[in-house]
Amino acid sequence: MLDPKILRENPEKIRMMLKDRAVEFDLDKLIRLDKKRRELIIETDQLRKKRNDISIEISRRIKEKENVEDLVAEIKSDGHKLIELEADRDEIEKDYVRLAYTIPNLIHKSVPIGDSKTENKEIRRWGKIPQFDFKIQDHIDIVENLDLVDLERAAKVSGARFYYLKNELVRLNQALINFALDFLAEKNYSLVQPPFLIKRKSMEGAIIAEDFEDMIYKIQDKDLYLIGTSEHAIAAMHTDEIIEGKHLPMKYAGVSPCFRKEAGAHGKDQKGIFRVHQFEKVELFVFSRPEESWNEHEKMIQIVEEFYQKLEIPYKVILLSSEDMGKISAKTYDVEAWMTGQNAYREIVSCSNCLDYQARRLKIRFRDKTNEETQYLHTLNSTLVATSRVLVSIMENFQTKDGHIDIPKVLQSYTGKSII
RNA sequence: GCGGAGAUCGCCUAGCAUGGUAGGGCGUGGGAUUGCUAAUCCCAUGUUCGCAAGGACUCGGGGGUUCAAAUCCCCCUCUCCGCGCCA
């Protein structure tokens with residue numbers, strides 16, 4: 001959600017953002033609704049004021065044992081009008097909120113404007129692409145030959161894009177998680193394993209409405225949704241709270257399974273475990289003072305890069321263009337890791353500053369002193385590691401001539417072995 | 001799942017029987033006063049509408065009764081205690 005002040009004082013700023021994102025949105029309707037809504041608030045408030053005044057007078061007269069019938073009659077007729085007006089107001093308010101919740105976030109000035117194909121900007125590159133003097137396999141062959149994943153039976157049991165992780169790959173998966181948690185704990189991130197099911201209200205705070213359809217699984221007959229990432233549950237964690245300024249920034253390392261419908265991705269990455277309905281993820285989430293958030297954003301991407309350097313996975317950092325970015329983000333870096341089997345860099349990390357957009361939806365504010373005005377804080381999130389994709393990269397990049405997998409050095413103490 | 005108790009302003013707490021429009025304490029900020037790193041007193045301290053003056057809303061959430069609901073009625077959520085069930 002955007003600051004409604006911008007809507008009133010500088011709608012052109014929003015119009016520009018919509019254009020830069022190439023998003024269709026009826027801004028004029030929202031402006032009309034906001035205006036109407038405030039008019040109705042004033043009108044109902046006035047009627048309520050009158051009602052309150054009369055009520056007080058009735059109370060006084062009763063004490064004095066005076067007649068109150070005329071006042072009661074008056075207040076009753078006003079009551080009907082009030083009920084009607086309130087119904088109008090609630091209706092408008094509902095429309096307003098529904099629409100306001102779908103406006104995307106503002107865009108940071110450093111974000112390149114335009115289409116992803118031409119405007120996504122490579123910022124950095126790290127690591128040497130591994131060279132092989134034998135015929136390389138992709139991860140689908142590797143997991144088959146080493147009996148590390150059972151896709152067929154998963155399809156039978158759960159459908160496409162599910163998998164049974166097996167044998168040493170289970171350990172490698174856990175090793176990635178444990179390494180990631182140790183890595184972040186050392187950087188003073190608090191570890192959090194959130195609820196994997198959250199209420200609609202919480203989910204709406206973290207994501208934009210249309211993502212529900214494409215991304216989120218719902219539990220039938222319950223107001224519960226499977227999280228698409230721990231970001232959703234962690235963002236909502238401090239809903240309706242006023243945080244003491246001295247506690248900021250609050251940094252969380254979330255660990256959870258992630259569930260995604262992947263609607264509309266038919267045909268893309270159809271095989272293997274690269275694009276799946278369920279995976280584990282260790283996530284960075286920061287609640288920050290507004291003036292610090294851009295600084296925190298850079299710190300986050302640095303942490304992420306350090307992690308992949310330790311894993312010895314070649315990557316590049318991409319600054320997403322205005323049209324490619326998620327709607328809640330004001331600026332996003334993606335990290336793409338080298339995947340030998342695909343001879344390409346593929347997305348493994350998304351690192352975003354959401355400014356006060358989520359905080360407004362979730363009413364997460366802070367202040368330094370109790371009598372100070374509260375301010376919305378800023379939220380930032382980044383993947384550290386989504387295990388399934390990084391497993392793909394490790395298996396493909398660290399494959400050996402005889403068809404095995406070398407385990408990256410930093411993970412060996414976690415797996416207890418150096419080769420699969 | 002059953003029975004009982006409970007949820008009040010950032011935190012603690014009063015009010016609920018007998019409906020009259022949230023009081024106190026702590027913390028924090030500001031001010032006053034005072035010869036000492038202290039004490040005392042006053043004011044402020046939720047959301048929202050408004051340029052302002054000034055309103056409206058707010059007692060876990062939602063309905064209802066009433067001129068008027070923290071208070072009465074109904075539904076729901078969560079917490080605590082006991083019982084049952086259970087990895």
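In the text below, chain A, chain B and the rest are named by the order of the sequence lines, each starting its count at 1. This one's a predicted model, so the numbers in the text were calculated from it and none came from an experiment.
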Next on the checklist: OP1 or OP2 of B:rG50 versus the side-chain N and O atoms of A:R38: is any pair under 4.0 Å?
Outcome noted: yes

Item to check | C1' atoms of B:rC59 and B:rA69, separation to the nearest Å | outcome: 11 Å

Checklist entry - Do A:R21 and A:E323 have side chains that get closer than 4.5 Å, going by heavy atoms? => result no

Item to check | Under the salt bridge (charged side-chain N to carboxylate O under 4.0 Å, His left out) test, residues paired with A:D45 that sit two or more places apart | outcome: none

Item to check | All side-chain hydrogen bond (donor to acceptor under 3.5 Å, both in side chains) counterparts of A:E241, not counting sequence neighbours | outcome: A:H238

Give each protein N/O atom lying under 3.5 Å from an N/O atom of nucleotides 54-60 of chain B, with the pair distance.
| from | atom 1 | to | atom 2 | distance (Å) |
| --- | --- | --- | --- | --- |
| B:rG55 | N2 | A:D45 | OD2 | 2.9 |
| B:rA56 | OP1 | A:N52 | ND2 | 3.3 |
| B:rA56 | O2' | A:D45 | OD1 | 2.8 |
| B:rA56 | O2' | A:R48 | NH1 | 3.0 |
| B:rC57 | OP1 | A:R51 | NH2 | 3.4 |
| B:rC57 | OP2 | A:N52 | ND2 | 3.1 |

Checklist entry - Using purine N1 to pyrimidine N3 plus N6-O4 or O6-N4 for Watson-Crick, or N1-O2 and O6-N3 for G-U wobble, both under 3.5 Å, which nucleotide pairs with B:rC59? => result none

Checklist entry - If we call it a pair only when both distances are under 3.5 Å in a Watson-Crick or G-U wobble match, what pairs with B:rU40? => result B:rA32

Checklist outcome for this item: When rounded to whole Å, the CD to C1' distance for the pair A:E244 and B:rG29 reads 14 Å

Checklist entry - Given the C1' atoms of B:rC49 and B:rC2, what is the spacing between them in whole Å? => result 48 Å

Checklist outcome for this item: In Watson-Crick or G-U wobble terms, with both distances under 3.5 Å, the base opposite B:rG6 is B:rC78

Next on the checklist: Please pick, from B:rU21, B:rU48, B:rG50, the nucleotide with the shortest atom-to-atom distance to any side-chain atom of A:S55.
Outcome noted: B:rU21

Checklist outcome for this item: On RNA chain B, more 5' by nearest nucleotide between A:R37 and A:I62 is A:I62

Checklist outcome for this item: note: A:K201, atom NZ; B:rG62, atom P; distance rounded to Å ~ 11 Å

Next on the checklist: Using a 4.0 Å heavy-atom cut-off, does A:I54 contact any base of the nucleic acid, only the sugar-phosphate backbone, or nothing at all?
Outcome noted: nothing

Item to check | Under 3.5 Å on both distances, the Watson-Crick or G-U partner of B:rC51 | outcome: none

Checklist entry - So does A:R37 pair up with A:D34, basic N to acidic O under 4.0 Å? => result yes

Next on the checklist: Measuring only the P atom in each nucleotide, how far is B:rU71 from B:rG61? A whole number of Å is fine.
Outcome noted: 11 Å

Next on the checklist: I'd like the P distance from B:rG30 over to B:rG20, given in whole Å.
Outcome noted: 38 Å

Checklist entry - Using atom P of each nucleotide, how far apart are B:rG64 and B:rA70 to the nearest Å? => result 15 Å

Checklist entry - When the distance from CG of A:D240 to C1' of B:rU47 is rounded to whole Å, what number comes out? => result 11 Å

Next on the checklist: Could you report the tightest heavy-atom contact between A:V286 and A:P249, atom names first, then the distance?
Outcome noted: CG1-CB, 4.1 Å

Checklist entry - Which value, in whole Å, describes the distance between the C1' atoms of nucleotides B:rG46 and B:rG27? => result 16 Å

Checklist entry - Starting at CD1 of A:I364 and ending at C1' of B:rG10, how long is that distance when rounded to a whole Å? => result 16 Å

Next on the checklist: Under 4.0 Å, counting only non-hydrogen atoms across every strand here, what does A:R8 touch: a base, just sugar-phosphate, or nothing?
Outcome noted: sugar-phosphate

Checklist entry - A:I242 CD1 to B:rU28 C1': how many Å, rounded? => result 13 Å

Checklist entry - Counting only Watson-Crick or G-U wobble pairs whose two distances fall under 3.5 Å, which nucleotide matches B:rG23? => result B:rU13

Next on the checklist: If you assign each of A:P4 and A:I56 to its closest nucleotide in RNA chain B, which residue comes earlier from the 5' end?
Outcome noted: A:I56

Checklist entry - Which base sits across from B:rC72 as a Watson-Crick or G-U pair, both distances under 3.5 Å? => result B:rG64

Item to check | Separation of atom NZ in A:K5 from atom C1' in B:rC51, rounded to whole Å | outcome: 13 Å

Checklist entry - Can you tell me how far the CD atom of A:E168 sits from the CG atom of A:L146, to the nearest 0.5 Å? => result 10.0 Å

Checklist entry - OP1, OP2 of B:rU45 versus side-chain N and O of A:T374: anything below 4.0 Å? => result no

Item to check | Side-chain heavy atoms of A:L169 within contact of A:V149, under 4.5 Å | outcome: yes

Checklist entry - Got a second to check how far A:E43's CD is from A:Q46's CD, nearest 0.5 Å? => result 7.5 Å

Checklist entry - For B:rG1, which nucleotide is its Watson-Crick or G-U wobble mate, given both distances must be under 3.5 Å? => result B:rC83

Item to check | Whole angstrom value for the distance that separates P of B:rU77 from CZ of A:R200 | outcome: 19 Å

Checklist outcome for this item: When every non-hydrogen atom of A:I234 is compared with those of A:G254, the smallest separation belongs to CD1-CA, 3.5 Å

Checklist entry - Looking at the side chain of A:R367, which of B:rC67, B:rG46, B:rC49 is the nearest nucleotide? => result B:rG46

Checklist outcome for this item: note: A:K199, atom NZ; B:rG61, atom P; distance rounded to Å ~ 13 Å

Checklist entry - When you measure from the centre of the six-membered ring of A:F183, is the NZ or CZ of A:K187 under 6.0 Å away and within 45° of the axis? => result yes

Next on the checklist: Can you check the distance between B:rG23 and B:rC42, where both ends of the measurement are the P atom (answer in whole Å)?
Outcome noted: 16 Å

Next on the checklist: Taking B:rC9 as the reference, what is the distance to B:rU47 when you measure between their C1' atoms (whole Å, please)?
Outcome noted: 11 Å

